[in-house]
Protein chains: 2
Amino acid sequence: MRWSEIETVPCPVAQAMAVIGDSWTVLILRDALRGATKFDEFQTATRASRATLSERLSHLVEHGVMEKVQYEAHPPRHEYRLTPRGRALQPVLMMLSHWSETHLPVKTRSTGRRHTTCGHKFSPMVTCSECGEAVTPETVSYDRTRIDAKG
Amino acid sequence: MRWSEIETVPCPVAQAMAVIGDSWTVLILRDALRGATKFDEFQTATRASRATLSERLSHLVEHGVMEKVQYEAHPPRHEYRLTPRGRALQPVLMMLSHWSETHLPVKTRSTGRRHTTCGHKFSPMVTCSECGEAVTPETVSYDRTRIDAKG
DNA sequence: AGGGTGAGTTCAGAAAATGAACTAACACGG
DNA sequence: CCGTGTTAGTTCATTTTCTGAACTCACCCT
(Lines give C-alpha, C1' and ligand atoms only; values in the text may rest on other atoms or scores of the structure.)
Protein backbone atom coordinates (compact mmCIF):
# COMPACT_ATOMS: atom_id res chain seq x y z
CA MET A 1 0.00 0.00 0.00
CA ARG A 2 1.14 3.48 -0.88
CA TRP A 3 1.62 5.94 2.00
CA SER A 4 -0.53 8.44 0.14
CA GLU A 5 -3.48 6.04 0.42
CA ILE A 6 -3.27 5.92 4.19
CA GLU A 7 -6.36 8.12 4.48
CA THR A 8 -8.48 5.19 3.33
CA VAL A 9 -7.62 3.11 6.40
CA PRO A 10 -10.47 3.27 8.96
CA CYS A 11 -8.40 3.57 12.14
CA PRO A 12 -8.07 6.72 14.24
CA VAL A 13 -4.28 6.57 14.27
CA ALA A 14 -4.12 6.08 10.50
CA GLN A 15 -6.56 8.95 9.99
CA ALA A 16 -4.38 11.17 12.15
CA MET A 17 -1.30 10.18 10.15
CA ALA A 18 -3.12 10.98 6.92
CA VAL A 19 -3.41 14.55 8.20
CA ILE A 20 -0.18 15.15 10.14
CA GLY A 21 1.98 12.13 9.33
CA ASP A 22 4.14 13.43 6.50
CA SER A 23 7.72 14.44 7.13
CA TRP A 24 8.10 18.08 8.30
CA THR A 25 4.44 18.46 9.23
CA VAL A 26 4.96 17.98 12.95
CA LEU A 27 7.77 20.55 12.90
CA ILE A 28 5.45 22.99 11.13
CA LEU A 29 2.89 22.44 13.88
CA ARG A 30 5.56 22.90 16.55
CA ASP A 31 6.38 26.29 15.10
CA ALA A 32 2.75 27.24 14.58
CA LEU A 33 2.07 26.49 18.25
CA ARG A 34 5.00 28.75 19.11
CA GLY A 35 3.43 31.56 17.14
CA ALA A 36 4.85 31.26 13.64
CA THR A 37 2.42 32.32 10.90
CA LYS A 38 4.39 33.33 7.82
CA PHE A 39 5.73 31.14 5.06
CA ASP A 40 9.31 32.29 5.47
CA GLU A 41 9.10 31.93 9.23
CA PHE A 42 8.18 28.28 8.79
CA GLN A 43 10.89 27.84 6.21
CA THR A 44 13.62 29.25 8.44
CA ALA A 45 12.44 27.33 11.49
CA THR A 46 11.83 23.92 9.92
CA ARG A 47 14.45 24.14 7.11
CA ALA A 48 12.17 22.15 4.82
CA SER A 49 12.46 23.03 1.14
CA ARG A 50 10.06 25.71 -0.07
CA ALA A 51 8.25 23.27 -2.36
CA THR A 52 7.72 20.72 0.40
CA LEU A 53 6.66 23.40 2.86
CA SER A 54 4.15 24.79 0.39
CA GLU A 55 2.70 21.34 -0.18
CA ARG A 56 2.46 20.60 3.54
CA LEU A 57 0.83 23.90 4.43
CA SER A 58 -1.80 23.41 1.71
CA HIS A 59 -2.43 19.92 3.01
CA LEU A 60 -2.96 21.21 6.54
CA VAL A 61 -5.33 23.89 5.24
CA GLU A 62 -7.28 21.28 3.25
CA HIS A 63 -7.71 19.22 6.38
CA GLY A 64 -8.81 22.12 8.53
CA VAL A 65 -5.75 22.18 10.78
CA MET A 66 -4.62 25.61 9.59
CA GLU A 67 -6.26 28.41 7.69
CA LYS A 68 -4.75 30.75 5.17
CA VAL A 69 -5.70 34.35 5.89
CA GLN A 70 -4.93 37.43 3.84
CA TYR A 71 -3.65 40.05 6.24
CA GLU A 72 -2.71 42.68 3.68
CA ALA A 73 -4.16 43.43 0.26
CA HIS A 74 -1.42 45.53 -1.40
CA PRO A 75 0.77 43.68 -1.98
CA PRO A 76 -1.26 40.51 -1.25
CA ARG A 77 0.17 38.82 1.83
CA HIS A 78 -1.05 35.74 3.69
CA GLU A 79 -0.47 34.06 6.96
CA TYR A 80 -1.19 30.58 8.22
CA ARG A 81 -3.09 30.29 11.48
CA LEU A 82 -3.99 27.26 13.53
CA THR A 83 -7.69 26.49 13.65
CA PRO A 84 -9.26 25.04 16.82
CA ARG A 85 -8.60 21.63 15.28
CA GLY A 86 -4.94 22.53 14.95
CA ARG A 87 -4.66 23.99 18.43
CA ALA A 88 -6.14 20.76 19.77
CA LEU A 89 -2.91 19.06 18.72
CA GLN A 90 -1.01 20.89 21.44
CA PRO A 91 -1.40 18.06 24.00
CA VAL A 92 -0.08 15.59 21.43
CA LEU A 93 2.98 17.71 20.73
CA MET A 94 3.52 18.31 24.44
CA MET A 95 3.46 14.59 25.24
CA LEU A 96 5.76 13.93 22.30
CA SER A 97 8.23 16.56 23.46
CA HIS A 98 8.07 15.24 27.00
CA TRP A 99 8.77 11.72 25.79
CA SER A 100 11.75 13.03 23.89
CA GLU A 101 13.09 14.91 26.91
CA THR A 102 12.68 12.01 29.31
CA HIS A 103 13.46 8.98 27.13
CA LEU A 104 15.93 10.05 24.48
CA PRO A 105 19.64 10.77 24.92
CA VAL A 106 19.82 14.48 25.70
CA LYS A 107 20.81 16.68 22.78
CA THR A 108 18.66 19.63 23.76
CA ARG A 109 18.24 22.02 26.66
CA SER A 110 15.43 21.29 29.08
CA THR A 111 12.20 22.86 27.92
CA GLY A 112 11.29 24.54 31.22
CA ARG A 113 7.56 24.02 31.04
CA ARG A 114 5.65 26.01 33.63
CA HIS A 115 1.98 25.74 34.57
CA THR A 116 0.79 29.32 34.94
CA THR A 117 -2.28 28.23 36.95
CA CYS A 118 -0.16 26.93 39.82
CA GLY A 119 3.15 28.54 38.93
CA HIS A 120 5.23 25.35 39.08
CA LYS A 121 7.53 23.68 36.63
CA PHE A 122 5.79 20.46 35.69
CA SER A 123 5.65 17.31 33.64
CA PRO A 124 2.54 16.67 31.58
CA MET A 125 0.62 13.59 32.71
CA VAL A 126 -2.23 11.74 31.09
CA THR A 127 -5.16 11.20 33.43
CA CYS A 128 -8.66 9.76 33.28
CA SER A 129 -11.44 12.26 32.58
CA GLU A 130 -13.74 10.35 34.95
CA CYS A 131 -11.68 9.67 38.06
CA GLY A 132 -8.72 11.98 37.57
CA GLU A 133 -6.20 9.24 38.28
CA ALA A 134 -3.18 8.54 36.10
CA VAL A 135 -3.70 6.41 33.02
CA THR A 136 -0.98 3.90 32.19
CA PRO A 137 -0.77 1.31 29.41
CA GLU A 138 -1.73 -1.34 31.98
CA THR A 139 -4.86 0.43 33.20
CA VAL A 140 -6.53 0.92 29.82
CA SER A 141 -8.69 -1.61 28.04
CA TYR A 142 -10.56 -1.30 24.77
CA ASP A 143 -14.13 -2.44 24.35
CA ARG A 144 -13.55 -3.35 20.72
CA THR A 145 -9.98 -3.78 19.57
CA ARG A 146 -9.06 -4.08 15.96
CA ILE A 147 -5.50 -4.98 15.03
CA ASP A 148 -6.01 -5.19 11.32
CA ALA A 149 -5.93 -2.09 9.19
CA LYS A 150 -9.08 -2.90 7.25
CA GLY A 151 -11.52 -2.87 10.09
CA MET B 1 17.83 20.45 4.68
CA ARG B 2 17.30 16.77 4.05
CA TRP B 3 14.74 14.97 6.24
CA SER B 4 17.36 12.33 7.04
CA GLU B 5 19.47 15.01 8.74
CA ILE B 6 16.70 15.94 11.15
CA GLU B 7 18.51 14.16 13.96
CA THR B 8 21.09 16.95 14.02
CA VAL B 9 18.52 19.55 15.05
CA PRO B 10 18.76 20.23 18.81
CA CYS B 11 15.06 20.43 19.61
CA PRO B 12 13.07 17.79 21.51
CA VAL B 13 10.36 17.60 18.87
CA ALA B 14 12.90 17.24 16.07
CA GLN B 15 14.74 14.56 18.05
CA ALA B 16 11.49 12.69 18.50
CA MET B 17 10.78 12.93 14.79
CA ALA B 18 14.24 11.60 14.02
CA VAL B 19 13.23 8.44 15.87
CA ILE B 20 9.53 8.00 15.08
CA GLY B 21 8.84 10.57 12.35
CA ASP B 22 9.15 8.46 9.20
CA SER B 23 6.08 7.29 7.37
CA TRP B 24 4.64 3.99 8.70
CA THR B 25 6.58 4.16 11.98
CA VAL B 26 3.65 5.40 14.05
CA LEU B 27 1.46 2.63 12.65
CA ILE B 28 4.12 0.08 13.59
CA LEU B 29 4.08 1.46 17.12
CA ARG B 30 0.27 1.36 17.21
CA ASP B 31 0.38 -2.35 16.40
CA ALA B 32 3.25 -3.03 18.77
CA LEU B 33 1.25 -1.43 21.59
CA ARG B 34 -1.64 -3.72 20.65
CA GLY B 35 0.62 -6.73 21.03
CA ALA B 36 2.06 -7.35 17.57
CA THR B 37 5.59 -8.76 17.61
CA LYS B 38 6.24 -10.60 14.36
CA PHE B 39 7.39 -9.21 11.04
CA ASP B 40 4.44 -10.55 9.10
CA GLU B 41 2.03 -9.36 11.74
CA PHE B 42 3.32 -5.84 11.26
CA GLN B 43 3.21 -6.23 7.52
CA THR B 44 -0.40 -7.35 7.46
CA ALA B 45 -1.53 -4.71 9.93
CA THR B 46 0.32 -1.70 8.51
CA ARG B 47 0.38 -2.77 4.85
CA ALA B 48 3.77 -1.12 4.42
CA SER B 49 6.06 -2.82 1.91
CA ARG B 50 8.37 -5.47 3.34
CA ALA B 51 11.46 -3.42 2.48
CA THR B 52 10.14 -0.30 4.17
CA LEU B 53 8.97 -2.27 7.18
CA SER B 54 12.35 -3.93 7.52
CA GLU B 55 14.09 -0.57 7.39
CA ARG B 56 11.73 0.99 9.94
CA LEU B 57 11.98 -1.87 12.42
CA SER B 58 15.79 -1.73 12.27
CA HIS B 59 15.65 2.00 12.83
CA LEU B 60 13.46 1.57 15.91
CA VAL B 61 15.80 -1.10 17.26
CA GLU B 62 18.82 1.18 16.66
CA HIS B 63 17.13 3.91 18.66
CA GLY B 64 16.16 1.66 21.54
CA VAL B 65 12.42 1.82 20.96
CA MET B 66 12.13 -1.87 20.13
CA GLU B 67 14.36 -4.87 20.59
CA LYS B 68 14.84 -7.85 18.34
CA VAL B 69 14.67 -11.09 20.28
CA GLN B 70 15.28 -14.60 19.06
CA TYR B 71 12.42 -16.72 20.36
CA GLU B 72 13.32 -19.91 18.56
CA ALA B 73 16.66 -21.27 17.45
CA HIS B 74 15.67 -23.90 14.86
CA PRO B 75 14.70 -22.45 12.51
CA PRO B 76 15.94 -19.03 13.71
CA ARG B 77 12.93 -16.84 14.41
CA HIS B 78 12.81 -13.34 15.86
CA GLU B 79 10.23 -11.05 17.29
CA TYR B 80 10.19 -7.33 17.91
CA ARG B 81 9.29 -6.16 21.39
CA LEU B 82 8.79 -2.68 22.74
CA THR B 83 11.42 -1.54 25.22
CA PRO B 84 10.46 0.70 28.16
CA ARG B 85 11.37 3.61 25.89
CA GLY B 86 8.90 2.33 23.33
CA ARG B 87 6.15 1.65 25.84
CA ALA B 88 6.57 5.22 27.07
CA LEU B 89 5.16 6.33 23.73
CA GLN B 90 1.75 4.99 24.66
CA PRO B 91 0.50 8.33 26.06
CA VAL B 92 1.57 10.05 22.84
CA LEU B 93 -0.32 7.56 20.70
CA MET B 94 -3.33 7.74 23.00
CA MET B 95 -3.51 11.54 22.75
CA LEU B 96 -3.06 11.32 19.00
CA SER B 97 -5.84 8.80 18.66
CA HIS B 98 -8.07 10.87 20.90
CA TRP B 99 -7.42 13.96 18.80
CA SER B 100 -8.34 11.99 15.72
CA GLU B 101 -11.56 10.72 17.28
CA THR B 102 -12.68 14.11 18.54
CA HIS B 103 -11.43 16.49 15.86
CA LEU B 104 -11.46 14.64 12.57
CA PRO B 105 -14.49 13.72 10.44
CA VAL B 106 -15.48 10.27 11.66
CA LYS B 107 -14.37 7.40 9.46
CA THR B 108 -13.76 4.95 12.28
CA ARG B 109 -15.70 3.29 15.06
CA SER B 110 -15.32 4.80 18.52
CA THR B 111 -12.35 3.35 20.34
CA GLY B 112 -14.17 2.51 23.59
CA ARG B 113 -11.33 3.30 25.97
CA ARG B 114 -11.96 2.11 29.50
CA HIS B 115 -9.97 2.91 32.64
CA THR B 116 -9.69 -0.36 34.51
CA THR B 117 -8.82 1.41 37.77
CA CYS B 118 -12.21 3.11 37.97
CA GLY B 119 -14.10 1.05 35.42
CA HIS B 120 -15.40 3.98 33.37
CA LYS B 121 -15.17 4.86 29.72
CA PHE B 122 -12.99 7.93 29.58
CA SER B 123 -11.17 10.55 27.58
CA PRO B 124 -7.46 11.00 28.20
CA MET B 125 -6.60 14.42 29.61
CA VAL B 126 -3.27 16.13 30.09
CA THR B 127 -2.76 17.44 33.60
CA CYS B 128 -0.03 19.13 35.61
CA SER B 129 2.20 16.79 37.63
CA GLU B 130 2.37 19.38 40.43
CA CYS B 131 -1.20 20.54 40.98
CA GLY B 132 -3.16 17.90 39.08
CA GLU B 133 -5.22 20.48 37.20
CA ALA B 134 -5.78 20.41 33.46
CA VAL B 135 -3.08 21.85 31.25
CA THR B 136 -4.21 23.87 28.25
CA PRO B 137 -2.19 25.73 25.62
CA GLU B 138 -3.05 28.97 27.45
CA THR B 139 -1.84 27.80 30.85
CA VAL B 140 1.65 26.73 29.81
CA SER B 141 4.66 28.99 29.54
CA TYR B 142 8.23 28.14 28.66
CA ASP B 143 11.18 29.48 30.61
CA ARG B 144 13.34 29.53 27.51
CA THR B 145 11.66 29.40 24.15
CA ARG B 146 13.55 28.81 20.99
CA ILE B 147 11.76 29.10 17.66
CA ASP B 148 14.79 28.58 15.47
CA ALA B 149 16.00 25.12 14.67
CA LYS B 150 19.66 25.84 15.36
CA GLY B 151 19.38 26.48 19.07
C1' DA C 1 16.06 52.62 -11.99
C1' DG C 2 17.70 49.44 -8.66
C1' DG C 3 17.11 46.89 -4.49
C1' DG C 4 14.25 44.63 -1.00
C1' DT C 5 10.36 41.69 0.88
C1' DG C 6 6.83 37.97 1.07
C1' DA C 7 5.01 34.11 -0.98
C1' DG C 8 5.31 31.19 -3.60
C1' DT C 9 6.38 28.00 -8.46
C1' DT C 10 9.40 25.49 -11.57
C1' DC C 11 12.55 22.03 -12.70
C1' DA C 12 16.42 18.77 -13.18
C1' DG C 13 18.75 15.69 -10.44
C1' DA C 14 18.86 12.80 -6.13
C1' DA C 15 16.77 9.95 -2.86
C1' DA C 16 13.23 6.97 -1.18
C1' DA C 17 9.16 3.84 -1.64
C1' DT C 18 6.66 0.18 -4.00
C1' DG C 19 5.35 -4.60 -5.35
C1' DA C 20 6.65 -8.70 -6.87
C1' DA C 21 9.75 -12.13 -6.90
C1' DC C 22 13.44 -14.45 -4.76
C1' DT C 23 16.39 -16.50 -0.82
C1' DA C 24 17.33 -18.90 3.57
C1' DA C 25 16.55 -22.20 7.02
C1' DC C 26 14.22 -25.11 8.68
C1' DA C 27 9.48 -28.43 9.96
C1' DC C 28 6.19 -31.64 8.52
C1' DG C 29 3.74 -35.20 5.91
C1' DG C 30 3.90 -38.95 2.86
C1' DC D 1 13.72 -37.90 -0.30
C1' DC D 2 10.39 -34.61 -2.22
C1' DG D 3 7.22 -31.14 -2.17
C1' DT D 4 4.82 -27.73 0.55
C1' DG D 5 4.51 -24.38 4.30
C1' DT D 6 6.23 -20.84 7.57
C1' DT D 7 8.86 -16.81 9.12
C1' DA D 8 11.87 -13.31 8.03
C1' DG D 9 13.75 -11.07 5.37
C1' DT D 10 16.58 -9.15 0.56
C1' DT D 11 16.82 -7.67 -4.25
C1' DC D 12 15.60 -4.85 -7.95
C1' DA D 13 13.34 -2.28 -11.72
C1' DT D 14 9.95 1.15 -11.75
C1' DT D 15 7.44 4.93 -9.78
C1' DT D 16 6.98 8.63 -6.63
C1' DT D 17 8.62 12.17 -3.84
C1' DC D 18 12.08 15.50 -2.15
C1' DT D 19 15.76 18.83 -2.68
C1' DG D 20 18.08 23.15 -3.72
C1' DA D 21 18.62 26.70 -6.57
C1' DA D 22 16.80 29.80 -9.49
C1' DC D 23 12.92 32.20 -11.07
C1' DT D 24 8.30 34.79 -10.84
C1' DC D 25 4.96 38.10 -9.24
C1' DA D 26 3.40 42.08 -7.00
C1' DC D 27 4.32 45.40 -4.78
C1' DC D 28 7.25 49.23 -1.54
C1' DC D 29 11.16 52.28 -0.69
C1' DT D 30 14.89 55.43 -2.02
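All chains are named by letter (A, B, ...) in the order of the sequence lines, taking the proteins before the strands, and each is independently numbered beginning at 1.
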Residue-phosphate contact under 4.0 Å: A:Trp24 side-chain N/O, D:dT17 OP1/OP2: no
A:Lys68 side chain near C:dG8 phosphate (N/O to OP1/OP2, under 4.0 Å): yes
Of the listed nucleotides C:dA25, C:dG8, D:dG20, the one nearest the side chain of B:Pro76: C:dA25
Rounded interatomic separation in angstrom, taking CD from B:Glu72 and P from D:dG9: 14 Å
Any B:Tyr80 side-chain nitrogen or oxygen under 4.0 Å from OP1 or OP2 of D:dT7: no
Residue pair A:Asp40, A:Arg50: steps toward the salt bridge (charged side-chain N to carboxylate O under 4.0 Å, His left out) verdict: CA-CA 9 Å; A:Asp40 282 17; A:Arg50 303 180 76 74; 3.0 Å; yes
Distance-only polar pair, side chains of B:Ser97 and B:Ser100, donor-acceptor under 3.5 Å: no
5'-most by nearest nucleotide on DNA chain D - A:Ala73 or A:Ser23: A:Ser23
Touch class at under 4.0 angstrom, heavy-atom based, for A:Arg2 against every strand present: sugar-phosphate
Sugar-phosphate, base or nothing in reach of B:Phe42, heavy atoms under 4.0 Å: nothing
Minimum-distance nucleotide (side-chain atoms of B:Lys38 versus D:dC28, D:dA8, D:dC18): D:dA8
Nucleotide nearest A:Trp3 when distance is taken to its side chain, options D:dA8, C:dT18, C:dA7: C:dT18
Spacing between B:Met1 atom CE and D:dG20 atom C1', to the nearest angstrom: 14 Å
First encountered from the 5' end of DNA chain D, between A:Glu55 and A:His74: A:Glu55
B:Arg56 side-chain proximity, nearest of D:dA22, C:dA17, D:dG9: C:dA17
Whether A:His103 and A:Trp99 hold their rings parallel, tilted or perpendicular, with breakpoints at 30° and 60°: parallel
Sugar-phosphate only, base, or nothing, as touched by A:Tyr71 at under 4.0 Å among non-hydrogen atoms: sugar-phosphate
Options C:dT18, D:dT6, D:dC27, nucleotide nearest the side-chain atoms of A:Pro75: D:dC27
Parallel, tilted or perpendicular: ring planes of B:Phe42 versus B:Tyr80, cut at 30 and 60 degrees: perpendicular
Lys/Arg N to Asp/Glu carboxylate O, B:Glu79 vs B:Arg81, below 4.0 Å: yes
Rounded interatomic separation in angstrom, taking CD from B:Gln43 and P from D:dG9: 12 Å
Selected nucleotide, minimal atom distance to B:Thr52 side chain, candidates D:dC18, C:dG6, C:dT18: C:dT18
From C:dA16, D:dA8, D:dT17, nucleotide with atom closest to A:Ser4 side chain: D:dT17
Rounded interatomic separation in angstrom, taking CD1 from A:Ile28 and P from C:dA7: 14 Å
Nucleotide of D:dT11, C:dC11, C:dG6 approaching B:Ala51 most closely (side-chain heavy atoms): D:dT11
Donor-acceptor pair present, B:Arg50 side chain and C:dT18 base, under 3.5 Å: no
Sidechain N-carboxylate O distance under 4.0 Å for A:Glu67, A:Arg85: no
Euclidean distance, atom CZ of residue A:Arg77 to atom C1' of C:dG4 [Å, nearest integer]: 10 Å
Minimum-distance nucleotide to B:Ser54 side chain [options: C:dA27, D:dT10, C:dG19]: D:dT10
Spacing between A:His78 atom NE2 and D:dC25 atom P, to the nearest angstrom: 16 Å
Rounded interatomic separation in angstrom, taking CG from A:Leu53 and P from D:dC18: 12 Å
d(NE2, A:His59; C1', D:dC18) in whole Å: 16 Å
Flag for B:Ser23-B:Arg56: side-chain donor and acceptor within less than 3.5 Å: yes
Side chain of A:Ser49 (C-beta onward), nearest among C:dT18, D:dA8, D:dG20: D:dG20
